[in-house]
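These notes concern the structure reproduced below.
Nothing here was measured: the structure is a model prediction, and the numbers come from that model.
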Amino acid sequence: MLHFLLLGGVLFGLDHVLASRADDPLLIVVGPEVDAEAAQVFAASRGRAPDAKELAALRQVWLDNEVLYREGLALQLDKGDVAIRERVIFKSLSMIDAGVKLPPADDAHLRGWFESHRDKYDDPARFDFEEAVLPGDADEAALRAFAAKLNGASSGTVSGGGATATTTPPADTGAGLRVFKGRPHANLVQSYGAEFAKSLEGSTLGEWRVFRTVEGGNPAWRAMRLVATTPAKPGDFNVLRGVVLQDWTDATSSEQRSAAVQALSRKYHIRRDGTAAAALSTPAVKDETK
């Protein structure tokens, strides 16, 4: 949320003609210039072009802040302030925040919110694993032969039930060793693909295997072994109550703030020009698509 607000702030540097080129003060024109500026700002910040969902979010930030800017001008909040529209927007938003009234949050309510957002508070199962890397480019057959050699030559103790494997590959294999600690399932999927995550999590502790991974859309074969597993640990509401209260406060305030801006936007006519028309969503706002 903060990331898009910051990027949105930069977007308001668009020439004010975007907001004033129509005679109707209640008409907001969202043209292709918004997309172009949004993509440029996002790419400068993140090093890549935004996807469709991210671009739609940036458009919505631009529109919300245009509404706040218009409201600020209507209330003459710009008087005596030579700074630009960001400060006017901030003043409008501050007035909205002053009117936000949070509902009471007793333990029963907070517990319900905690249970519905458990993914934020539960510590997921974690996996330690290692990769033996052969010099040069090794194909699947070479890696399978290499894994069989490692399994036949390794020595040490392997115990199950969430413990660790202590076997060590022989030093004469010429392979490098990469060590990964405490990786949750989501990280495994992100780094190497869902197929790899499922295979690794179901593999025998300490056994070298050849896994098919996917990185950047490109498949690759790797010799790896699962070394340790740490079971998932559910979050304790009593321990995390303070964190839960702050998270609930932030989320509820944000929802009320967004609802207030949306309510203000209903008095404006939103006209969508060109490519900006596709993904901008403003329910209950009068819409004139050109």
> Taking it one step at a time, do E115 and Y121 satisfy side-chain hydrogen bond (donor to acceptor under 3.5 Å, both in side chains)?
Replying inline: CA-CA 9 Å; E115 291 297 336; Y121 307 110; over 6 Å; no
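- The distance from atom OG of S199 to atom CZ of R209, rounded to the nearest 0.5 Å, is 5.5 Å.
- Contact check for V227 versus L205: no side-chain heavy atoms found under the 4.5 Å cut-off.
- Counting all heavy atoms, side chain and backbone alike, S191 lies closest to R183 at OG-NH1, 4.4 Å.
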> Is there a side-chain contact (heavy atoms from CB on, under 4.5 Å) between K198 and H185 once you walk through the steps?
Replying inline: CA-CA 9 Å; K198 182 178 180 180; H185 175 84; 5.9 Å; no
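- Note on ring orientation: taking the six-membered ring where Trp is involved, the planes of F129 and F180 are parallel (angle under 30°, cut-offs 30° and 60°).
- If you check the side chains of R111 and N238, you find a donor sitting under 3.5 Å from an acceptor.
- Across R257 and D97, no two heavy atoms sit closer than the pair NE-OD1, 2.7 Å.
- By the criterion of side-chain heavy atoms lying less than 4.5 angstrom apart, applied directly or through intervening Ile, Leu, Val, Met, Phe, Trp or Tyr residues, V189 is not grouped with M224; the two fall into different hydrophobic clusters.
- Residues S265 and D64 fail the side-chain proximity criterion, which asks for heavy atoms closer than 4.5 Å.
- R178 and E130 are not joined by a salt bridge, as no carboxylate oxygen comes within less than 4.0 angstrom of a charged side-chain nitrogen.
- If you chain together hydrophobic residues whose side chains sit under 4.5 Å apart, L63 and F90 never meet in one group.
- Under a hydrophobic-cluster definition in which Ile, Leu, Val, Met, Phe, Trp and Tyr are linked whenever side-chain heavy atoms come within less than 4.5 Å, directly or via other members, I89 and V100 are assigned to different clusters.
- No side-chain heavy atom of L55 sits under 4.5 Å from any side-chain heavy atom of F42.
- The shortest side-chain heavy-atom distance between E215 and Q190 does not fall under the 4.5 Å cut-off.
- Taking 4.5 Å as the limit, every side-chain heavy atom of V179 sits out of range of all side-chain heavy atoms of E131.
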> Step by step, would you call R59 with D35 a side-chain contact (heavy atoms from CB on, under 4.5 Å)?
Replying inline: CA-CA 7 Å; R59 290 192 197 104; D35 276 3; 2.4 Å; yes
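- Between K149 and W208, the closest side-chain pair of non-hydrogen atoms is not below 4.5 Å.
- You'll find the ring centres of H117 and W248 outside the 6.0 Å limit.
- Looking only at distances, no side-chain donor or acceptor of D123 sits under 3.5 Å from a matching main-chain atom of A232.
- Side-chain contact between E201 and F127: present, with at least one pair of heavy atoms (C-beta onward) separated by less than 4.5 Å.
- The cluster map of Ile, Leu, Val, Met, Phe, Trp and Tyr, joined by side-chain heavy atoms under 4.5 Å apart, puts V239 and L245 in different clusters.
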> Hey, mind stepping through F196 and V214 against side-chain contact (heavy atoms from CB on, under 4.5 Å) and telling me if it holds?
Replying inline: CA-CA 8 Å; F196 167 80; V214 178; over 6 Å; no
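- A chain of hydrophobic side-chain contacts below 4.5 Å, direct or via other Ile, Leu, Val, Met, Phe, Trp or Tyr residues, connects V243 to L102.
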> Are R271 and V30 close enough, and set up right, to give a side-chain contact (heavy atoms from CB on, under 4.5 Å), and what steps lead you there?
Replying inline: CA-CA 6 Å; R271 191 180 77 207; V30 185; over 6 Å; no
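- Annotation: side chain of L110 is in contact with side chain of F237 (closest heavy-atom distance under 4.5 Å).
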